[in-house]
> 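So that we are looking at the same thing, I have put the structure below in structure tokens.
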Protein chains: 2
Amino acid sequence: MSVEFDQLLLEPAYRKVATAIAERILDRRLREGERLPPEMELARQFGVNRSTVREALRELESNGLVSRRPGSKLMSVSRPQPGAVAEGVSRALVMHDVTFLEVWEALTMLEPPIAEAAARARTAADLAQCLEAAERFSSDNEATERAVLHAADFFRSVGRATHNQVLMLAQEPLLQLLVPSLQVMIDQVQQARARIAVAQHRICEAIKARDGQEARNWMTKHIRDFRKGYELARIDPSLRIA
Amino acid sequence: MSVEFDQLLLEPAYRKVATAIAERILDRRLREGERLPPEMELARQFGVNRSTVREALRELESNGLVSRRPGSKLMSVSRPQPGAVAEGVSRALVMHDVTFLEVWEALTMLEPPIAEAAARARTAADLAQCLEAAERFSSDNEATERAVLHAADFFRSVGRATHNQVLMLAQEPLLQLLVPSLQVMIDQVQQARARIAVAQHRICEAIKARDGQEARNWMTKHIRDFRKGYELARIDPSLRIA
DNA sequence: CGTGGATCAATTGTCGGACAATCATACGAT
DNA sequence: ATCGTATGATTGTCCGACAATTGATCCACG
């Protein structure tokens, strides 16, 4: 028997409303695509003011559980977009002063097995996407910004080839954090673009041949190159990411 | 020259306010722990109504960028708590109908290298935490719920030993998704508890000896056991997680 | 001088109502 | 059937208000 009292949690009404709606969404009583009742109706059902309902909706909206189709004002239930979710994670990591070293270490762990899984699970369409992504990098890498975005997109295309949503979502924040620091590095290292292109090419070939081991190996080299690039550019890898 | 027009984005005011404040937090002009100006003051500065400011604050609040110290009503800038961030990711994954197989595959990729890194980077305090977590599982695993939570906490303690916040945050959603399905499995497989305890013990020993390879190996077995458990319990691993 | 309590101002949570802009829908003209 | 139009519904934003609770200040007291 505990002698202590539970810390009584007095949640504001807007929070209760938010969790109540979120619950209905998560247990599928409100299904995806279905439109949400109007704010007035929700206010009536919950017995609160419309302002309160609106504050709750803002929370759900920022979690991606509700959204509106572009050019519409009606709110409908939606599955959170991976990019948006990952953005929240990225911001959290930035606030925690993550360093490039930490991001790089995570990439080192995650990407090679992803490449291996992609080689096993890829479909013809996946392979085409990987090839296209590599081609985009090769043919349009002069502008720093575009080069970096294409490099990240290549990782995304490999991730999609795994057909594992968990991996895609785990990978996304890393890519978002990689982009800004890669942008600094890539212009200071002459051979960077060429080496990236080669690695992408090899990875694609391995994925095409369904050679998991080879895909993993080249991805390992690819990631290791990032680290080397930072050393060559004399960027301190233990600096926090902007 | 592009002939197309950019899709003009008309954001509602509450969104502009939210991003404006978020920007100031992320670039450290508003530092952590600092208290946020009162709603009225913000409304004055942005030239909008207090209701609008409040909607913006709800968004920031759900992103964890602002929060209040328990038992206080004053909002202050805060770094997002990993648990809360991961919860958003978990919900996103649930909405995307992730299967146990996907979660398990991600764990297979992520946990062994984490264990290896932990063996390298751990401090004495980290080791103590791992041992405590393992001990808690061994000594308090009768109640299903507690056993499962302790099993997850063991992973967390190993994650902390890596001193890599990216890894900790990447791992957290996986653990949150593992818990409910592990809860179903662990009671249907006789030897599950014992095998988990042994694996934890071996991993701890390897971490203590700073033997990365051994830590990785035992973690690999540990994760593989989960899969076997599901087969023994005759749970379809391609079922979506509740 | 520090401590504790009492007082007052500040702040938040919630409410009610209001209005313009915009979107959804139904209807009628072509 | 397609297109444009009128009407109603819904959202975004504003205003003002009030109770409850917290933060801050000050004073008495040991």
Side-chain angles (χ1 to χ4, degrees), chain A residues 5-22 24-25 30-78 84, chain B residues 5-22 24-25 30-78 84:
Chain A
F5 291 100
D6 286 342
Q7 181 170 358
L8 46 85
L9 53 111
L10 15 140
E11 288 183 309
Y14 63 78
R15 174 152 289 286
K16 288 185 191 167
V17 171
T19 59
I21 299 178
R24 285 230 185 172
I25 294 178
L30 279 171
R31 272 168 305 181
E32 194 213 332
E34 198 170 330
R35 77 148 297 196
L36 218 58
E39 296 170 354
M40 282 291 266
E41 173 63 16
L42 289 173
R44 194 191 57 74
Q45 291 186 27
F46 285 107
V48 300
N49 191 275
R50 187 163 83 102
S51 308
T52 305
V53 169
R54 291 192 116 255
E55 295 189 29
L57 288 181
R58 293 298 84 78
E59 181 176 327
L60 298 175
E61 193 180 26
S62 91
N63 281 20
L65 287 179
V66 310
S67 66
R68 54 190 125 245
R69 282 183 276 269
S72 166
K73 49 197 306 191
L74 273 48
M75 291 284 236
S76 57
V77 177
S78 66
Chain B
F5 292 98
D6 286 340
Q7 180 168 358
L8 46 86
L9 49 110
L10 15 139
E11 289 183 309
Y14 64 79
R15 173 154 291 284
K16 287 184 190 168
V17 171
T19 60
I21 299 178
R24 286 228 183 173
I25 294 178
L30 279 171
R31 272 168 306 182
E32 194 211 331
E34 200 169 329
R35 78 148 295 195
L36 217 59
E39 295 170 352
M40 282 291 268
E41 173 63 17
L42 289 173
R44 193 191 57 77
Q45 291 185 26
F46 286 107
V48 300
N49 191 272
R50 187 163 82 101
S51 309
T52 305
V53 170
R54 283 180 68 77
E55 295 189 30
L57 288 181
R58 293 297 86 79
E59 181 175 328
L60 297 175
E61 193 179 28
S62 90
N63 282 18
L65 287 178
V66 310
S67 65
R68 53 191 122 242
R69 282 183 273 272
S72 168
K73 49 198 303 193
L74 272 50
M75 290 285 235
S76 58
V77 178
S78 67

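Every chain is numbered from 1 and lettered A, B, ... according to where its sequence line falls, protein lines coming before strand lines.
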> At under 4.0 Å between heavy atoms, how does the protein contact nucleotides 10-18 of chain C? Give one character per nucleotide, 5' to 3', with B, S or -.
-BBBBBB-B
> Considering residues at least two apart in sequence or located in another chain, which fulfil the salt bridge (Lys or Arg N to Asp or Glu O under 4.0 Å) criterion with B:Glu59?
B:Arg15
> Holding to side-chain hydrogen bond (donor to acceptor under 3.5 Å, both in side chains), I want the full list of residues that pass it with A:Glu34, two or more places apart in sequence or in another chain.
none
> Should B:Leu36 and B:Leu57 count as side-chain neighbours, where that means a heavy-atom distance under 4.5 Å?
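Touching, per the 4.5 Å side-chain cut-off.
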> Do we see a donor-acceptor contact under 3.5 Å between the side chains of B:Ser51 and A:Ser51?
no
> Can you check the A:Arg69 CZ to C:dT22 C1' distance for me, whole Å?
17 Å
> I'd like the 5' and 3' limits of the part of DNA chain D contacted by chain B, with heavy-atom contacts below 4.0 Å.
D:dG12 to D:dG23
> Could you pull out all residues at least two apart from B:Arg35 that satisfy side-chain hydrogen bond (donor to acceptor under 3.5 Å, both in side chains)?
none
> Taking side-chain hydrogen bond (donor to acceptor under 3.5 Å, both in side chains) as the definition, give me every residue that meets it alongside B:Arg50, ordered by chain and number, with sequence neighbours left out.
B:Glu39
> For the residue pair A:Tyr14 and B:Arg54, establish whether any side-chain heavy-atom pair is separated by less than 4.5 Å.
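Yes - at least one pair of side-chain heavy atoms lies under 4.5 Å apart.
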> Quick one: which residue pairs count as a salt bridge (Lys or Arg N to Asp or Glu O under 4.0 Å) with a foot in residues 68-78 of chain A, not counting sequence neighbours?
A:Glu61-A:Arg68
